[in-house]
Q: 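This is the structure I want to talk about, given as structure tokens.
Values below: every heavy atom of this structure, side chains too, minus hydrogens, waters and symmetry copies.
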Amino acid sequence: LPQDSICRNEELLRRDLQDSWPRVAVTQQSWMSFLGDMDGDGLFDFPAGIDAVSLLPPVAPAEPSLVDLWFSSDRDFLGFKDGDILRLSPIGGVELVYSEVSLHATLQPTSGSIDIDALYVLEPKVLLISLANNLTATNLGDIKDGDILEWNPSAQTVTIFAREADVQNWVDTATGGSSAIGDLKS
């Protein structure tokens with residue numbers, strides 16, 4: 001990037017439509033300053049890797065800040081699960097916003113594990129998510145890794161927002177191709 005000659009794998013990039021290129025939005029130093037040494041090993045910590053990330057919807061005229069960033073890691077880390085929705089705490093560290101356990105209790109799958117791969121915050125109490133793995137025999141039936149779910153953790157409800165086949169059709173129409181999309185990531 002022209003203004004950021006080094007981009008580390010811990011950093012998050014953001015593209016604003018008013019800008020000509022993406023910029024580093026969350027630097028390695030930002031992670032280190034928020035997380036500190038959470039595991040007590042004497043080293044600054046980073047998320048284990050990020051599968052899903054979303055900014056809270058903006059409240060005009062404020063610009064989003066780092067605490068408006070919600071994310072899910074690609075594996076368990078520092079006591080958090082890969083299906084937890086997390087955010088950076090304004091006082092340092094990471095806060096649990098919504099838990100994997102809550103989503104599991106709402107879906108009640110008989111097999112498969114909860115790992116959030118894609119996230120979009122419609123509003124603080126309504127999320128669009130996609131999972132890393134297929135789930136069988138949930139209270140919505142079988143769920144594929146390309147399905148998009150609308151989850152309201154406060155109301156303890158989950159509905160199908162779009163099936164994997166719908167998403168595949170959208171991609172095919174947009175690209176003019178027919179390559180299988182696999183699971184969704186964000």
Q: Suppose we screen for salt bridge (charged side-chain N to carboxylate O under 4.0 Å, His left out). Which residues come up paired with Asp37, at least two apart in sequence or across chains?
A: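 In terms of salt bridge (charged side-chain N to carboxylate O under 4.0 Å, His left out), with neighbours along the sequence ignored, Asp37 is linked to no residue.
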Q: State which residues pass side-chain contact (heavy atoms from CB on, under 4.5 Å) with Ala155; sequence neighbours excluded, sorted by chain then number.
A: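 Residues passing side-chain contact (heavy atoms from CB on, under 4.5 Å) with Ala155: Asn152, Thr157.
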Q: What about the rings of Phe71 and Trp31, do their centers lie closer together than 6.0 Å?
A: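 Centroid distance Phe71-Trp31: below 6.0 Å, so yes.
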Q: Taking only residues two or more places apart in sequence, or in another chain, which ones meet Asp76 in a side chain to side chain donor-acceptor pair (under 3.5 Å)?
A: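 Side chain to side chain donor-acceptor pair (under 3.5 Å) check on Asp76 returns nothing, list empty.
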Q: Of all the heavy-atom pairs spanning Gly146 and Glu164, show the shortest one and how long it is.
A: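 Where Gly146 meets Glu164 most closely, the heavy atoms are N-OE1, 2.8 Å.
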Q: Holding to side chain to side chain donor-acceptor pair (under 3.5 Å), I want the full list of residues that pass it with Ser113, two or more places apart in sequence or in another chain.
A: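 Checked Ser113 against side chain to side chain donor-acceptor pair (under 3.5 Å); matches are Asn133.
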Q: Taking distance alone, no hydrogens or angles, what donor-acceptor pairs closer than 3.5 Å link side-chain atoms of residues 93-100 to residues at least two apart or in another chain?
A:
residue : atom : partner : partner atom : Å
Glu95   : OE1  : Arg87   : NE           : 2.8
Glu95   : OE1  : Arg87   : NH2          : 2.9
Glu95   : OE2  : Ser89   : OG           : 3.2
Tyr98   : OH   : Pro124  : O            : 2.7
Ser99   : OG   : Ser102  : N            : 3.0
Glu100  : OE1  : Gly83   : N            : 2.9

Q: Which heavy atom of Ile116 sits nearest to which heavy atom of Ala52, and what is that distance?
A: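 Smallest interatomic distance, heavy atoms only, reads CG2-CB, 4.0 Å.
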Q: Quick one: closest heavy-atom pair of Arg75 and Ser73, and the distance?
A: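 Result for this residue pair: O-OG, 2.6 Å.
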Q: Any chance you could measure Asp74, atom CG, to Asp51, atom CG, to the nearest 0.5 Å?
A: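 Rounded to the nearest 0.5 Å, the CG-CG separation comes to 5.0 Å.
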Q: Search all heavy atoms of Leu131 against all heavy atoms of Ile114 and return the closest pair with its distance.
A: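 Heavy-atom minimum between the residues: CD2-CG2, 4.4 Å.
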Q: Filter on salt bridge (charged side-chain N to carboxylate O under 4.0 Å, His left out), then keep only pairs touching residues 147-162, sequence neighbours left out; what's left?
A: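 Qualifying pairs, neighbours excluded: Asp147-Arg163.
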